[in-house]
Peer 1: 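Can you keep this structure in mind? I'll have questions shortly.
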Amino acid sequence: MNITRRQMLILLPAAAVAWKSVLAGTPEESPNYKMSDHWWGMLIDIDKCIGCGNCVRACQTENDVPDGHFRTWVERYHRSDWPMTKSGEIANNPLIDPEVISPDGGKEGFPVATDEGGKYFFVPKMCNHCADSPCTQVCPVGATFIAPDGVVLVDQTYCLGCAYCVQACPYGCRYIHPTKEVADKCTLCYHRITQGLTTACCEACPTGARQLADLKDPKDPIHEFLKTHSVQVLKPQMATGAKLFYNDLDGSVR
Amino acid sequence: MGVFKDVGHLFRFAGLFVLAFLVFLVVRHFVVPKTFGQYGHYRAAAMGEIGARPLKFAGHESCEACHTEVVDKKKNGKHAHVNCEACHGALIKQSAVPEKPPANLYERFVAAIAPTGPPEVAFVRHADDPSSVVPELPDTAVLCARCHTASAAKPKDFPQVVPVDHANGVPCQTCHDPHSPAMDSSSQTAGGAK
């Protein structure tokens, strides 16, 4: 076979490109799912949450979350009308010392609240799937990462269980799995959303207080909602780029 | 000329460095997983593995394909937006759990080099074979109370009752159809406030 210098110069870079793509391989994905078309987040409507704990139970069922650990949990806040803390001291600001309870993560609901004045409300919590997440930045081995579709995931075959990420998460959303001994957290039901289903917590929520949102989908109702409602994220001062949006979030929520 | 007189040992040393570098490249090729670094400092194949985990909740769309009579009943009722599995529970069930001891550090290291993928688990779907997974008949005393027990913490416009005062032990479904719970004013009986 005779190859001229001209042909060789054309063929070599082409072969290099081909070899590069062979080396890279292709990730196994659901058909019809393109990561670059999505940017996932979630909307939580505080006004609709009734604290039934359906989301916590659904998450545990769907993801085999061990007892005593939570990928999502619900907190009940009670903010007093009076600037008085529980210990009887006068606080400068009634927002600084709300009473917060979360019995077993709210899995079996909450004790009945009697009307003692002040403001009661439920705050469902879970991974904020931050766009600039502190937890992925501290991983020494590249076992946790922000996927190209905005979901923060843990590669459990790669994780060493050092728990740096557990300490780094400002929202307390990670834990070390008691038997796998690796970091575990909300995957935003990655196995569901990549198949066109919603997350287990959204599926089980009876009041629609949780809504999965695709911020890259121009038809997603999240865009209209964000424009017309007073929506907050948790700990905005930490600049985590959190994508868990709370409607009507009270200032006392930490 | 005197400068380059005894440089032989330097070349031998440089050769060792080159050799060590080549060994490093070869080892690296086998130790670093194939998809590591494709999108960033992580193993891209992990996304496929996480996405391949088995489902437990089938999603209300798959229920509605068969149970059209319930869809019709629900659609104008107060529970129109309550999904089936919110009350009936997850309707894809794991039929066998393979016993797998927790991997030690060495096994995890090996698994990281040569991932074998998630373990094969058999799952059965109610939608494929209705008798394989039968939804439990929910106990309305527990199920309804979970949402509708009166509490000052719940939104004011959410329908709430004190179960003892409201029904005094009579099962909820005696008066209410759970799929469309509002009662007609004509059929309203005592104790049916709200």
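Computation of the quantities below employed the complete heavy-atom set of this structure, encompassing side-chain atoms and omitting hydrogens, waters and symmetry-equivalent molecules. Reminder, nothing fancy here: chain letters follow the sequence lines and each chain counts from 1. Not measured: the values here are computed from a predicted model.
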Peer 1: Give, for atom CZ of B:Arg43 and atom CG of A:Leu153, the distance between the pair rounded to the nearest 0.5 Å.
Peer 2: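 B:Arg43 CZ to A:Leu153 CG: 11.5 Å, rounded to 0.5 Å.
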
Peer 1: Answer yes or no: does atom OH of A:Tyr175 have more than 12 heavy-atom neighbours from other residues, nucleotides or ligands under 6.0 Å?
Peer 2: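 Yes, enclosed.
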
Peer 1: For A:Gln195 versus B:Gly51, what's the shortest heavy-atom pair and its separation?
Peer 2: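 Nearest pair, atom of A:Gln195 first, then B:Gly51: NE2-O, 4.3 Å.
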
Peer 1: Using non-hydrogen atoms and a 4.5 Å limit, figure out which bit of A:Ile146 sits close to chain B: side chain, backbone, both or neither.
Peer 2: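 Backbone of A:Ile146 only, per the 4.5 Å heavy-atom cut-off to chain B.
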
Peer 1: Does A:Lys216, at its NZ atom, have more than 12 non-hydrogen atoms belonging to other residues, nucleotides or ligands within less than 6.0 Å?
Peer 2: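 Counting neighbours around NZ of A:Lys216, more than 12 heavy atoms of other residues, nucleotides or ligands fall under 6.0 Å, so yes.
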
Peer 1: Would you indicate whether the side-chain heavy atoms of A:Thr157 and B:Glu49 approach each other to under 4.5 Å?
Peer 2: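 SC-SC contact between B:Glu49 and A:Thr157 confirmed.
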
Peer 1: Looking at every non-hydrogen atom in both residues, tell me the closest pair between A:Thr61 and B:Lys56 and how far apart they are.
Peer 2: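 Result for this residue pair: O-NZ, 3.2 Å.
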
Peer 1: If you count heavy-atom pairs under 4.5 Å between each of B:Val82, B:Thr149, B:Ile50 and chain A, which one has the most?
Peer 2: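 Counting heavy-atom pairs under 4.5 Å, the top option is B:Ile50.
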
Peer 1: Looking only at non-hydrogen atoms, find the nearest pair between B:Tyr42 and A:Pro148 and report the distance.
Peer 2: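 Shortest heavy-atom contact: OH-CD, 3.5 Å.
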
Peer 1: Supply the atom-to-atom distance B:Phe57 CZ to A:Cys189 SG, rounded to the nearest 0.5 angstrom.
Peer 2: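 SG of A:Cys189 is found 9.0 Å from CZ of B:Phe57.
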
Peer 1: Please report the closest heavy-atom contact between B:Leu55 and A:Glu62, naming both atoms and the distance.
Peer 2: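 Residues B:Leu55 and A:Glu62, closest heavy atoms: CA-OE2, 3.4 Å.
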
Peer 1: My understanding is that only one of A:Thr207, A:Asp47, A:Ile50 makes a side chain to side chain contact (heavy atoms under 4.5 Å, CB included) with B:Pro155; could you say which?
Peer 2: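 Looking at A:Thr207, A:Asp47, A:Ile50, the match for B:Pro155 under the side chain to side chain contact (heavy atoms under 4.5 Å, CB included) is A:Ile50.
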
Peer 1: Does the side chain of B:Lys154 reach to within under 4.5 Å of the side chain of A:Phe122, using non-hydrogen atoms?
Peer 2: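 With C-beta onward as the side chain, the pair touches.
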
Peer 1: Between B:Glu85, B:His60, B:His148, which residue shows the highest count of heavy-atom pairs closer than 4.5 Å to chain A?
Peer 2: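 Option with the greatest count: B:His60.
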
Peer 1: Who wins among A:Thr136, A:Asp155, A:Thr114 for the most heavy-atom pairs under 4.5 Å with chain B?
Peer 2: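 Between A:Thr136, A:Asp155, A:Thr114, the count favours A:Asp155.
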
Peer 1: Tell me, side chain or backbone of B:His81 under 4.5 Å from chain A's heavy atoms, or both, or neither?
Peer 2: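 It is the backbone, since no side chain atom gets that close.
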
Peer 1: Are side-chain heavy atoms of A:Tyr158 and B:Pro33 found at a separation under 4.5 Å?
Peer 2: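 They are in contact (side-chain heavy atoms under 4.5 Å apart), so the answer is yes.
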
Peer 1: Would you name the heavy atoms of A:Ala204 and B:Ala86 that are closest together and state the gap between them?
Peer 2: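 Residues A:Ala204 and B:Ala86, closest heavy atoms: O-CB, 3.2 Å.
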
Peer 1: A:Cys202 versus chain B, heavy atoms under 4.5 Å apart: side chain, backbone, both or neither?
Peer 2: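 Interface part for A:Cys202: backbone (N, CA, C, O).
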
Peer 1: Contact part of A:Arg192 toward chain B, heavy-atom cut-off under 4.5 Å: side chain, backbone, both or neither?
Peer 2: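 For A:Arg192, backbone and side chain are both near chain B.
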
Peer 1: Counting heavy-atom pairs under 4.5 Å to chain B, which of A:Glu108, A:Lys48, A:Arg57 comes out on top?
Peer 2: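 Option with the greatest count: A:Arg57.
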
Peer 1: Which atom pair, heavy atoms only, marks the closest approach of A:Glu203 to B:Asn83?
Peer 2: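 Result for this residue pair: O-ND2, 2.9 Å.
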
Peer 1: Excluding sequence neighbours, so at least two apart, what forms salt bridge (charged side-chain N to carboxylate O under 4.0 Å, His left out) with B:Lys73?
Peer 2: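 Here the qualifying residues are B:Asp177.
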
Peer 1: Which value, rounded to the nearest 0.5 Å, describes the distance between A:Tyr190 atom OH and B:Arg53 atom CZ?
Peer 2: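 The CZ atom of B:Arg53 is 11.5 Å from OH of A:Tyr190, to the nearest 0.5 Å.
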
Peer 1: Give the intermediate values and the outcome of side chain to side chain contact (heavy atoms under 4.5 Å, CB included) for residues B:Met47 and A:Val151.
Peer 2: CA-CA 10 Å; B:Met47 285 181 284; A:Val151 181; over 6 Å; no

